[in-house]
> 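After the structure tokens below, expect a handful of questions from me.
Values below: all heavy atoms of this structure, side chains included; hydrogens, waters and symmetry mates excluded.
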Amino acid sequence: MFDEVTKSVRVLSAAGVEKANSGHPGMPLGAADIGVALFKNGLKISNKNPDWINRDRFVLSAGHGSMLLYSLLHFNGYDISIEDIKNFRQLGSITAGHPEKDNELGIDITTGPLGQGFATGVGLALAESYLSSIFGNEIIDHYVFGIVSDGDLMEGISFEAAELASVWELGKIIYFFDDNNISIDGKVEKVSKTNQKLKFESLGWHVQEIDGHNESEIKLSIKQAKDELKKPSLIIAKTTIGKYSPNKQNTSSIHGSPLGTDEMNLFLKNISWEGDPFLHNKSVYNYFEEKREQDNKDYLDWQATLKKKIEENNQFKELWTQRSEEHTSE
């Protein structure tokens, strides 16, 4: 079933970009397996309560691949419809492309400037650590997941943020590095020879290397990263940009432009897709149903715990009210 769902995510992502005649299909096609595994096995989120303060955060630092996020949110029951997907990058559309932030839609942050999302995620993890120390981990206890690109890791701001994350022992950061060796203009090796594994290990990060198209390896890497609570985690996931596009995969030409009619048809044939690329089997939507139900139940349990603490602990009540009012005023 995993393969069927990743196929739908790839097809819908490519179709949205194709209809808009604008966008970045390469990253969604390459990172679809990571995205599906994360939403199925990693992220604690509630489609009924998308702005839940104790949800896991998902930072798409490789924000140009925003169609991947839209597709995943659509299949997970968030308020993004097929019509919204068809209106990708159109004036007034809620699927406008990066950079953006809309908690009500399940979008924590997608970024444009390279390194910005990486650094923002460190800030989100620091906030989690701070609030957990105030309210207790039964109230604040969540992870910051992210997908970062080679361009993100080349920027100085990501290096500085990575070092702080290590010094502060922000072990709830889990970043997937979409390691496809392709930049906007060609192979990464033409402009960079940095060994990212050794770099991040030297900074004190927990580093894993996996096949970014292997479901078992992705799931295991998430578990191992969650188990490491002292060190932030970087999961170097080897992927093929534009996977299943027969003439454009593993090239820079698929990074920032639609496949084009001929290549789109070849892609659909190569991935064994028949019919309307905007129509998907109910089984794809049902794939995430058990996870959605568990997450929504976890939200209700959390809400009950919060209510009890407010009723029984006046000091906690005062602190919670104060922070809530500060948040609302912002």
Side-chain angles (χ1 to χ4, degrees), residues 1-2 4-17 19-20 23-24 27-28 31-90 92-111 117 120-121 124 142-147 176 222 277-300 302-303:
M1 190 62 206
F2 179 80
E4 181 181 347
V5 177
T6 56
K7 179 192 293 188
S8 280
V9 169
R10 285 187 168 97
V11 169
L12 186 58
S13 297
V17 172
K19 189 173 188 307
H24 300 72
M27 182 273 194
D33 306 288
I34 295 170
V36 170
L38 258 179
F39 273 74
K40 176 67 173 179
N41 304 286
L43 286 169
K44 176 183 67 178
I45 51 178
S46 170
N47 67 317
K48 292 182 179 179
N49 307 277
D51 59 349
W52 178 19
I53 191 174
N54 199 39
R55 71 190 183 279
D56 287 339
R57 305 307 197 261
F58 178 62
V59 178
L60 191 59
S61 192
H64 56 272
S66 57
M67 185 51 76
L68 171 65
L69 179 57
Y70 295 145
S71 298
L72 289 165
L73 291 172
H74 169 73
F75 288 127
N76 273 273
Y78 282 79
D79 195 18
I80 294 179
S81 67
I82 283 293
E83 287 305 309
D84 294 323
I85 299 290
K86 290 181 177 180
N87 284 324
F88 176 57
R89 284 198 163 193
Q90 304 308 299
S93 171
I94 65 171
T95 53
H98 71 304
E100 61 195 321
K101 173 182 175 294
D102 193 332
N103 293 344
E104 292 300 319
L105 294 177
I107 301 169
D108 291 315
I109 183 171
T110 70
T111 56
T120 299
L124 292 173
H142 57 264
Y143 289 83
V144 177
F145 289 92
I147 296 180
F176 279 89
I222 294 171
F278 289 103
L279 293 179
H280 296 261
N281 292 334
K282 188 177 180 180
S283 58
V284 176
Y285 296 87
N286 291 342
Y287 178 74
F288 297 101
E289 185 174 3
E290 183 179 349
K291 179 70 163 57
R292 283 199 300 268
E293 290 178 353
Q294 182 61 53
D295 285 341
N296 287 322
K297 179 183 180 299
D298 288 345
Y299 169 80
L300 294 176
W302 174 87
Q303 195 176 48

> Can you check whether W52 reaches N296 side chain to side chain, under 4.5 Å on heavy atoms?
no
> Please determine whether side-chain contact (heavy atoms from CB on, under 4.5 Å) holds for the pair L69 and T110, giving the CA-CA distance in whole Å, both sets of side-chain angles, and the decisive distance to 0.1 Å.
CA-CA 9 Å; L69 179 57; T110 70; 3.8 Å; yes
> I need the minimum non-hydrogen distance between V144 and G121, along with the two atoms involved.
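The answer is CG1-O, 3.8 Å.
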> Output all residues satisfying salt bridge (charged side-chain N to carboxylate O under 4.0 Å, His left out) with K19, sequence neighbours left out; order by chain, then residue number.
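So K19 forms no salt bridge (charged side-chain N to carboxylate O under 4.0 Å, His left out) with any residue.
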> Let's go through M67 and I85 carefully: what are the C-alpha distance in whole Å and the side-chain angles of both, what is the deciding distance for side-chain contact (heavy atoms from CB on, under 4.5 Å) to 0.1 Å, and is it a yes or a no?
CA-CA 8 Å; M67 185 51 76; I85 299 290; 4.1 Å; yes
> What distance separates L105 CG from I94 CD1, expressed to the nearest 0.5 Å?
5.0 Å
> side-chain hydrogen bond (donor to acceptor under 3.5 Å, both in side chains) with H74: which residues, sequence neighbours excluded?
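Scan of H74 (side-chain hydrogen bond (donor to acceptor under 3.5 Å, both in side chains), adjacent residues dropped) gives Y285.
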> According to salt bridge (charged side-chain N to carboxylate O under 4.0 Å, His left out), does anything in residues 43-63 pair up with another residue at least two apart or in another chain? List the pairs.
R55-D108
> What's the shortest heavy-atom distance between F39 and N76, and which atoms?
CD2-ND2, 3.4 Å
> List the residues meeting side chain to side chain contact (heavy atoms under 4.5 Å, CB included) with S66, not counting sequence neighbours, and say none if there are none.
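Here the qualifying residues are Y70, F88, E100.
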> In Å and rounded to the nearest 0.5 Å, what is the CG to CD1 distance from L38 to I147?
6.0 Å
> Give the minimum heavy-atom separation between D84 and T95, together with the two atoms involved.
O-OG1, 2.6 Å
> Would you mind reporting whether L12 and F278 have side-chain heavy atoms less than 4.5 Å apart?
yes
> OH of Y299 to CG of N49: how many Å apart, nearest 0.5 Å?
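So the OH of Y299 and the CG of N49 are separated by 4.0 Å.
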> Check K40 against Y287 and note the closest heavy-atom contact, atom names and distance.
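Answer, listing the atom of K40 first, then Y287: NZ-O, 2.7 Å.
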> Got I53 and W302 here, is their nearest side-chain heavy-atom distance under 4.5 Å?
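In short, these two side chains touch, coming nearer than 4.5 Å.
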> Roughly how far apart are I107 CD1 and Y78 OH, rounded to 0.5 Å?
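The OH atom of Y78 is 10.5 Å from CD1 of I107, to the nearest 0.5 Å.
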> So H24 and H64, would you call those rings parallel, tilted or perpendicular, with 30° and 60° as cut-offs?
tilted
> Under the side-chain hydrogen bond (donor to acceptor under 3.5 Å, both in side chains) test, which residues partner S71, sequence neighbours left out?
S13
> I45 and F58: side-chain contact (heavy atoms from CB on, under 4.5 Å), yes or no, with the steps?
CA-CA 10 Å; I45 51 178; F58 178 62; over 6 Å; no
> With sequence neighbours excluded, tell me which residues meet side chain to side chain contact (heavy atoms under 4.5 Å, CB included) with E83.
S81, K86
> Would you please name every residue forming a ring pair (Phe, Tyr, Trp, His ring centres under 6.0 Å) with H280, sequence neighbours left out?
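Listed in chain order: F75, W273.
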> Can you name the nearest heavy-atom pair linking L60 to M27, along with the distance?
CD1-CE, 3.7 Å
> According to salt bridge (charged side-chain N to carboxylate O under 4.0 Å, His left out), does anything in residues 288-300 pair up with another residue at least two apart or in another chain? List the pairs.
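Qualifying pairs, neighbours excluded: K291-D295, K297-D301.
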> Report the C-alpha distance between E104 and D79 in whole Å, list the side-chain angles of each, state the deciding distance to 0.1 Å, and finish with yes or no for side-chain contact (heavy atoms from CB on, under 4.5 Å).
CA-CA 8 Å; E104 292 300 319; D79 195 18; over 6 Å; no
> Heavy-atom count check: over 12 atoms from other residues, nucleotides or ligands less than 6.0 Å from N103 CG?
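Yes - once you tally the heavy atoms of other residues, nucleotides and ligands closer than 6.0 Å, there are more than 12.
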> Please identify each residue that fulfils side-chain hydrogen bond (donor to acceptor under 3.5 Å, both in side chains) with H98, with sequence neighbours left out.
none
> Can you name the nearest heavy-atom pair linking A20 to R89, along with the distance?
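Residues A20 and R89, closest heavy atoms: CB-CB, 4.5 Å.
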> In chain order, what residues pass the side-chain hydrogen bond (donor to acceptor under 3.5 Å, both in side chains) check against N281, with sequence neighbours excluded?
E4
> Among all residues two or more places apart in sequence or in another chain, which pass the side chain to side chain contact (heavy atoms under 4.5 Å, CB included) test with T111?
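Partners of T111 under the side chain to side chain contact (heavy atoms under 4.5 Å, CB included) test: S61, I109, Q116.
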> Which residues pass the side chain to side chain contact (heavy atoms under 4.5 Å, CB included) test with L300, not counting sequence neighbours?
Q303
